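Naming convention: chains lettered A, B, ... in sequence-line order (proteins, then strands); numbering from 1 in each chain. Keep in mind that what you see is a predicted model, and the values were worked out from it rather than measured.
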Amino acid sequence: MPRIIVHIDMDAFFASIEVLDYPELRGKPVIVGGPAVRGVVSAASYEARAFGVHSAMPMGEALRRCPQAVVMPVRGGRYHDMSRHIMTLLAPHTPLLEQMSVDEAYLDLTHWLPAGATGASVAAEIQTTIARETGLGCSLGVATGKAIAKMASDLRKPRGLVVVPPGEEAAFLAPLEIGKLRGVGAATERKLRALGVHTIGDLARLPATRLGGQFGVVGPELLALAQGRDDSPVVPERQAKSIGRETTYWTDVTERAVLERTLLALTDDVAESLRRHDFLARGVTLKLRDDAFRTITRSTTLPEPSDVTEALYAAARALLTAARWHRPTRLIGVTAGPLQPAADRQFNLFAEDDDKKRKVAGAIDAIKARFGNDAITRARLAKKE
DNA sequence: TCTGGGGTCCTAGGACCC
DNA sequence: TCTGGGGTCCTAGGACCC
């Protein structure tokens with residue numbers, strides 16, 4: 001029996017929420033994004049897209065293309081709240097609901113269709129419900145697999161609904177540009193075009209032997225997808241594997257003390273997130289990017305899995321020292337991972353010190369939860385008045 | 001044009017063990 | 001004296017996605 005997978009993708013999500021909250025923006029080109037210097041576009045309204053503005057574009061370029069655009073800062077908390085509301089509207093349709101990001105989800109309706117309903121009718125109902133309950137538009141794709149449903153939802157934005165009937169997957173995909181295939185980014189697109197592959201249909205017709213070894217395991221996977229075979233499952237709850245924080249400076253930094261201070265603040269944030277989600281990290285990765293956009297990472301395994309700032313920061317700082325990094329720095333970041341549930345914490349004679357720090361950290365977390373993040377901070381991070 | 005911040009997965013070499 | 005082969009873990013980098 002063919003599966004019935006629905007992909008839902010909110011239309012210009014961040015920008016649409018800004019228009020919702022500030023109705024005077026309706027009909028205007030709206031860009032949600034970071035600062036004009038070193039910022040990028042997070043979302044653009046369709047009016048802004050008409051000028052060639054799209055997400056991930058450097059802000060300077062976006063404003064050159066559309067000087068009259070209204071630029072709004074990113075309000076992550078607001079989008080997150082809206083996302084949760086939308087998921088509660090999707091949940092009644094199936095227990096097999098996989099949230100992919102703040103504005104995207106998959107539903108597997110194969111065994112959850114009400115009598116007399118079809119994938120298309122449920123998708124249409126979802127679109128209507130979301131518009132009524134939130135005032136926001138979304139596009140949907142219905143197909144026998146996730147990747148194909150996603151490509152379908154992408155085809156007629158905004159407020160589209162595209163159904164790919166079972167058996168018509170390959171025909172649906174064939175005319176699309178090769179770069180539209182999920183898993184084909186800039187690098188793979190370049191290599192495929194060099195082989196004369198310009199559309200998904202070109203790839204589907206390519207003899208497997210012509211792919212050779214240059215695409216690794218993804219080669220056969222891309223070929224299968226191009227031919228319409230798409231059987232990855234909808235997985236409701238995925239285990240997080242890492243938690244990280246990074247920041248780009250307004251201007252490059254060379255002072256070691258500044259790098260360390262930022263690293264401590266980022267690590268503090270990561271540790272708090274670990275505790276909030278009941279995870280222990282087995283390792284730490286430091287990330288640095290220089291003024292020429294060259295990025296390096298350095299990672300290490302912790303002596304004991306941990307969720308306290310002191311242990312994570314000691315490791316991150318040691319990595320910074322060992323990296324012998326003296327370049328002008330534009331970005332610094334720290335990631336904790338791989339993760340394990342805190343319930344797996346081993347009794348350890350040497351972990352008593354950690355245990356005290358965890359109790360202090362837990363008390364601080366509680367104060368932040370009650371009075372806000374600014375209520376308490378480390379002496380080393382306190383702003384000098 | 002001058003490139004954010006949050007992630008996942010794959011590759012490849014070397015260490016280490018049996 | 002010079003040498004196998006498999007398995008697993010660790011680390012660094014890169015491709016990709018939203």
Side-chain angles (χ1 to χ4, degrees), chain A residues 7-14 31-44 51-66 73-74 76 79-80 83 98-106 146-147 150-151 153-154 179-192 213-222 225 232 235 238-250 252 266 269-270 273 277 282-302 315 319 322-323 330-339:
Chain A
H7 179 253
I8 168 169
D9 193 2
M10 300 303 297
D11 298 327
F13 190 50
F14 299 175
I31 296 175
V32 179
V37 177
R38 295 195 169 175
V40 298
V41 175
S42 290
F51 291 86
V53 175
H54 57 78
S55 52
M57 176 180 278
M59 209 61 180
E61 171 67 7
L63 288 172
R64 246 184 305 281
R65 292 188 184 204
C66 185
V74 179
Y79 313 146
H80 207 264
S83 177
E98 178 177 355
Q99 181 166 4
M100 281 309 287
S101 68
V102 72
D103 73 334
E104 255 183 72
Y106 293 100
K146 284 163 72 174
K150 175 167 170 52
M151 289 185 265
S153 72
D154 205 39
K180 294 266 183 195
L181 193 66
R182 204 200 49 178
V184 176
T188 305
E189 177 172 356
R190 210 177 320 115
K191 286 198 270 180
L192 285 170
Q214 62 172 318
F215 300 95
V217 293
V218 304
E221 287 170 15
L222 290 177
L225 184 54
S232 73
V235 183
R238 289 180 183 272
Q239 252 266 88
K241 306 213 161 134
S242 65
I243 293 176
R245 296 288 183 273
E246 63 183 59
T247 189
T248 295
Y249 293 109
W250 287 63
D252 298 334
L266 293 169
D269 219 20
V270 167
S273 186
H277 295 102
R282 289 208 289 270
V284 168
T285 300
L286 170 73
K287 177 173 171 182
L288 295 161
R289 177 172 293 154
D290 70 13
D291 53 343
F293 218 70
R294 248 188 55 87
T295 308
I296 68 157
T297 61
R298 292 292 181 268
S299 58
T300 188
T301 300
L302 294 168
L319 288 171
R330 93 177 257 139
L331 172 149
I332 186 166
V334 62
T335 295
L339 306 179

### Task
Name all residues meeting the side-chain contact (heavy atoms from CB on, under 4.5 Å) criterion together with A/Thr285; count only those two or more places apart in sequence or in a different chain, and write none if there are none.
A/Thr297, A/Ser299, A/Thr335
#### Entry: Axial bend angle, the helix from B/dG5-C/dC18 to B/dC18-C/dG5: five-pair end segments, nearest 10°
10°
## Note on the structure
Separation of B/dT3 atom C1' from A/Tyr249 atom OH, nearest Å, is 18 Å
#### Entry: With sequence neighbours excluded, residues passing salt bridge (Lys or Arg N to Asp or Glu O under 4.0 Å) with A/Arg238
A/Glu98
### Summary
Hits for side-chain contact (heavy atoms from CB on, under 4.5 Å) against A/Glu104, two or more places apart or cross-chain, chain-then-number order -> A/His7, A/Asp9, A/Met100, A/Ser101, A/Lys150
### Query
By salt bridge (Lys or Arg N to Asp or Glu O under 4.0 Å), which residues pair with A/Arg65, not counting sequence neighbours?
A/Glu61
### Summary
Residues at least two apart in sequence or cross-chain that pass side-chain contact (heavy atoms from CB on, under 4.5 Å) with A/Arg38, listed by chain then number, are A/Thr248, A/Asp252, A/Arg330
### Task
Identify the two heavy atoms, one from A/Ile243 and one from A/Ser273, that lie closest to each other, and give their separation to 0.1 Å.
CG2-OG, 3.7 Å
### Query
Who pairs with A/Lys241 by side-chain contact (heavy atoms from CB on, under 4.5 Å), at least two apart in sequence or on another chain?
none
### For A/Arg182, salt bridge (Lys or Arg N to Asp or Glu O under 4.0 Å) partners two or more places apart
none
### Task
Using the C1' atom on both, measure C/dG4 against B/dC16 and round to a whole Å.
15 Å
### Query
Quick one: side-chain hydrogen bond (donor to acceptor under 3.5 Å, both in side chains) partners of A/Arg289, sequence neighbours excluded?
A/Thr295
### Query
Tell me, for nucleotides 13-18 of chain C in 5' to 3' order, what letter each nucleotide earns: B for a base near a protein heavy atom under 4.0 Å, S for only sugar-phosphate near one, - for neither?
S-SSSS
### Query
What string of B, S and - do you get for nucleotides 4-10 of chain B, 5' to 3', if B is base contact, S is sugar-phosphate-only contact and - is no contact with any protein heavy atom under 4.0 Å?
BBSSSSS
### Summary
Sequence neighbours excluded, the answer for salt bridge (Lys or Arg N to Asp or Glu O under 4.0 Å) partners of A/Asp154 is none
### Task
Return the value, rounded to whole Å, for the distance between atom CG of A/Leu319 and atom C1' of C/dA12.
12 Å
